[in-house]
Engineer: 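First the structure, which I've put down as structure tokens, then a few questions once you've had a look.
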Number of protein chains: 2
Amino acid sequence: MREAFHEQLDAMFGDLASICENVETAVRLATEALLSGDATIAEGVISADAEIDQARERVEDSAFLLLSLQQPVASDLRTVVAALRMVSELERMGDLSVHVAKIARLRVPNLAVPGAVSPIIERMAHVAEEMVRRVSRIIADRDVEAARALVHMDEEMDKLRRTTFAEMLSADWSHGVEAAVDVALLGRYYERIADHAVSVANRVVFVVTGENPRTLEG
Amino acid sequence: MREAFHEQLDAMFGDLASICENVETAVRLATEALLSGDATIAEGVISADAEIDQARERVEDSAFLLLSLQQPVASDLRTVVAALRMVSELERMGDLSVHVAKIARLRVPNLAVPGAVSPIIERMAHVAEEMVRRVSRIIADRDVEAARALVHMDEEMDKLRRTTFAEMLSADWSHGVEAAVDVALLGRYYERIADHAVSVANRVVFVVTGENPRTLEG
């Protein structure tokens, strides 16, 4: 019974890691659509989000079944509840990628991001994607050390976001209001993806060590 | 035992309703700070958020205790898990109010929102605040009908958000990039508060009827 429970729990974490890989793909392709103005890629991200939603439902159903049938306590209970939270954050990260793809689609055949700020947005996107990529492995390997290291990448994200504001509000900004609105919202979406990545990683720390992720969230 | 369980569950929903009232206050005061440029009110919202965070921790701890000690199944289990999700959304709504207050504080002694769009932002804020106010009662009374009615208010919110974009991107916009960036982000924050309000209300529907909120979220 206990062994079956832990097998099911492992399977659930396998599912979480695989959802996280889908999120990574969503972030990567949404960025590609954004920087290339490719409507087909943007559409692909938007329609693929349904798969992430369905995978989320499957994890939720398994977690519920585990809680009902196995009645876990202590650290096992903590792990199942953490899995429920992780899957809802991963789904949210997928939604945020869809928001990026929708901004890309809205501006086709033009590019939403003006050339001058393109390198900053590209860097933000890269940091977000890399964070999500690491989170897949953090979940799969329950890697506490890698989870803790993620905070530094999030600091870079915050710095990049401040840079976008400085660019937009400088006297040199010549790209108008529409581009500024797009860049402000894109910055927000990538920043939120990074926040959720840190939060999911913190939940892995919690599952492994019992250390409360609240204190890590600041 | 069962009766004690349901008493504890009722107490937990009482706590959720009271957290929701604190969120309502946060939304109201953040808006007041925004529209009046009052730094003291903005600071008040920012510092009061710690109370919401602490209240969240208390609800999480109670939910955990209930799961561990009472081992609920079926609809009781569903209710406790729903409460865990509701409290994390309520906390998020508090965070979003803090974001509004921070934009207000950033622009003091000026106003972040130019007079011309002020009525739209004021209306968005009013809709958000009213939705949160209703959600407190929806939680307290487990009012399924009121929960379902919330969707219509959310539709107004979406319409208002589109109006802000139309204003900012029209040729008449004379308020510059900074105001546009502020309005774009403020619109996003109020919209997210409304989204979470609908989501919390849907969870009440789920708790009472067993009807899955996923299908309501669209």
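Chain naming here is simple, since letters A, B, ... match the order of the sequence lines and numbering starts at 1 in each.
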Engineer: Does any part of the side chain of B:Leu84, heavy atoms only, come nearer than 4.5 Å to the side chain of A:Arg85, both counted from C-beta?
Structural biologist: yes
Engineer: To check you understand the geometry: which heavy-atom pair defines the closest contact between A:Gly176 and B:Val177, and what is its length?
Structural biologist: O-CG2, 4.2 Å
Engineer: With heavy-atom distances below 4.5 Å as the criterion, would you say the side chains of B:Arg188 and A:Tyr189 are in contact?
Structural biologist: yes
Engineer: State whether the number of non-hydrogen atoms from other residues, nucleotides or ligands found under 6.0 Å of B:Glu43 atom CD is greater than 12.
Structural biologist: yes
Engineer: Please determine, among A:Val183, A:Val73, A:Leu185, the option with the most heavy-atom pairs under 4.5 Å with chain B.
Structural biologist: A:Leu185
Engineer: Please give me the minimum heavy-atom distance between A:Glu178 and B:Leu169, naming the atom from each residue.
Structural biologist: CA-CD2, 3.5 Å
Engineer: Heavy-atom distance under 4.5 Å to chain A: side chain of B:Arg78, backbone, both or neither?
Structural biologist: both
